[in-house]
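Inspection log for the structure reproduced underneath, given as structure tokens.
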Amino acid sequence: MKKHRKLLLIGEIVGVALTVIIFIIPFYFMFVNSLKSQQEANLLTIAWPTELHLENYLEVFSYSNYQLLTAFKNSLLLTVFTVIGLIVTGAMAGYVIQRRSDRVMKIVSSIIMLGLMIPAAILPTINLLQKLHIYRTMFGMVMVEIALQTPFTIMLFRGYMASIPTELEEAARIDGCSPFQVFLQIINPLLKPIRATVIILTAVTTFNDFTNPLYFLPGAENTTVQLTLYNYKGQFASSYNLLFANIILITIPMLILFILFNKKIVAGMVAGSVKG
């Protein structure tokens, strides 16, 4: 028993140490350098600045006629509409795939799950968006985000659906409910835990996405928060103090969201995996 407790204590110590090394130290490094002058920050040391330069944050905020505000607006719109699209379509698709076990549905499920392994093709996707006349539009970018995150979302909803007894649906059908009414009135209210998980994970993923807006939503007016990092990193000169200040500003909102709802994320994923 004592040996077991000792091993458990060692495991906790190792876990805390890894957390500090992987998360806290890099964040501290960025924060410290965001308070330095350009010359001092370019040395990329972890030492505390000789003089605090809080004006770095004001400069980042007001850069290029307050471009960061536009970027936050674009990222917020992209995140909100992507989340709404995924929780609606993902829940419905997950319900149908979980409850139907015919051959056609198995093929459909396999095709959807392939999306977890096959990366997006950049040039064909751009060509398709151009032909549909939605390239460089927020609608097109939302469709791309939904398409890329649909397989994982369906997998989460499908796993959680397995924990819901089918007897509830059978009783509702006996009472005269249509399939859509069964889903809307019986199943949908029971999806709150996994819906919270999907909302948070999707919001964090979409808000922090760098590559997809770079390819599919170019243009200064379409800049998202992650693309503002380009403002301070050049081929011949870099302002690391402003770069790190920018990273801190765009990281804090999602960091707070993740910390506040971390328990709900774990609860929703565990409920689907254990009961499913």
Does Q130 offer a backbone N or O that forms a donor-acceptor pair with the side chain of R136 under 3.5 Å?
no
Exercise: identify the closest heavy-atom pair between L214 and L227:
CB-CD2, 3.9 Å
At what distance, to the nearest 0.5 angstrom, does CD of E40 lie from CG of L35?
10.0 Å
Let's go through I186 and I164 carefully: what are the C-alpha distance in whole Å and the side-chain angles of both, what is the deciding distance for side-chain contact (heavy atoms from CB on, under 4.5 Å) to 0.1 Å, and is it a yes or a no?
CA-CA 10 Å; I186 306 300; I164 301 176; over 6 Å; no
L242 backbone acceptor or donor facing N246 side chain under 3.5 Å:
no
With the 4.5 Å side-chain cut-off for hydrophobic clustering, are I107 and I112 part of the same group?
no
Heavy atoms only: give me the nearest L86-T202 pair and the separation to one decimal.
CD1-CG2, 3.3 Å
Could you check whether any side-chain N or O of T223 sits under 3.5 Å from a backbone N or O of A220, counting only pairs where one atom can act as donor and the other as acceptor?
yes
Let me confirm one number: the OH-CZ distance from Y160 to R195, rounded to the nearest 0.5 Å.
9.5 Å
Dump the intermediate steps for side-chain hydrogen bond (donor to acceptor under 3.5 Å, both in side chains) on Q226 and T211, then the final yes or no.
CA-CA 9 Å; Q226 302 303 324; T211 306; over 6 Å; no
Once you round to the nearest 0.5 Å, how far does CE of M92 lie from CD1 of I154?
12.5 Å
Closest approach of T79 and A203, non-hydrogen atoms and distance?
CG2-CA, 3.6 Å
Is it true that T45 and K36 share a donor-acceptor pair across their side chains at a distance under 3.5 Å?
yes
So N33 and Y240, do their side chains get closer than 4.5 Å, heavy atoms only?
no
Just verifying a value: how many Å separate L217 CG and M138 CE, rounded to the nearest 0.5 Å?
5.5 Å
Are any non-hydrogen side-chain atoms of H53 and E59 less than 4.5 angstrom apart?
no
Do the side chains of E169 and R99 get close enough for a salt bridge, i.e. N-O under 4.0 angstrom?
yes
Between S109 and R158: side-chain donor-acceptor atoms closer than 3.5 Å:
yes
Side-chain donor or acceptor of N127 paired with backbone N/O of L123 under 3.5 Å:
no
Determine the interplanar angle of the Y28 and W48 rings, folded into 0 to 90°, and report it as parallel if under 30°, tilted if 30 to 60°, perpendicular if over 60°.
parallel
Quick one: do the E145 and T205 side chains pair a donor with an acceptor below 3.5 Å?
no
Please check this pair: side chain of Q181 against backbone of S178, looking for a donor-acceptor N/O pair closer than 3.5 Å.
yes
Among the clusters formed by ILVMFWY side chains lying less than 4.5 Å apart, do L44 and I46 turn up in the same one?
yes
Do side-chain atoms of N74 reach the backbone of E221 as a donor and acceptor pair under 3.5 angstrom?
yes
For L229 versus L243, what's the shortest heavy-atom pair and its separation?
O-CD1, 3.6 Å
Taking the ring centre of each residue, are F244 and Y232 less than 6.0 Å apart?
no
If two hydrophobic side chains count as joined below 4.5 Å and joins carry through other members, does L54 share a cluster with F29?
yes
Does T197 reach the main-chain N or O of P193 with its side chain, forming a donor-acceptor pair under 3.5 Å?
yes
Give a yes or no on whether Y135 and I146 share a hydrophobic cluster (residues Ile, Leu, Val, Met, Phe, Trp, Tyr; joining criterion: side-chain heavy atoms under 4.5 Å apart).
yes
Looking only at non-hydrogen atoms, find the nearest pair between A71 and T224 and report the distance.
CB-C, 3.6 Å
Interatomic distance, I194 atom CD1 to M161 atom CE [nearest 0.5 angstrom]
9.5 Å
Any side-chain heavy-atom pair from T206 and N212 closer than 4.5 angstrom?
no
Ignoring hydrogens and geometry beyond distance, is a side-chain donor-acceptor pair present between N56 and S34 at under 3.5 Å?
no
How about Y66 and F61: do any of their side-chain heavy atoms sit closer than 4.5 Å?
yes
Find the distance between CD (E51) and OG (S37) and round it off to the nearest 0.5 Å.
8.0 Å
All heavy atoms of S239 vs all of Q38, minimum pair found to be OG-NE2, 3.6 Å
Does some side-chain heavy atom of F152 sit less than 4.5 Å from a side-chain heavy atom of M155?
yes
Hey, quick one: are L43 and I25 part of the same hydrophobic cluster, counting side-chain heavy atoms closer than 4.5 Å, chains of contacts allowed?
no
Please walk me through it: do Y215 and V144 pass side-chain contact (heavy atoms from CB on, under 4.5 Å)?
CA-CA 11 Å; Y215 291 132; V144 170; over 6 Å; no
Geometric class of the F210/Y230 ring pair [parallel <30°, tilted 30-60°, perpendicular >60°]
tilted
Is any side-chain heavy atom of L201 closer than 4.5 Å to one of Q149?
no
Return yes if some donor-acceptor pair links the side-chain N/O of N231 with the main-chain N/O of T228 below 3.5 Å, else return no.
yes
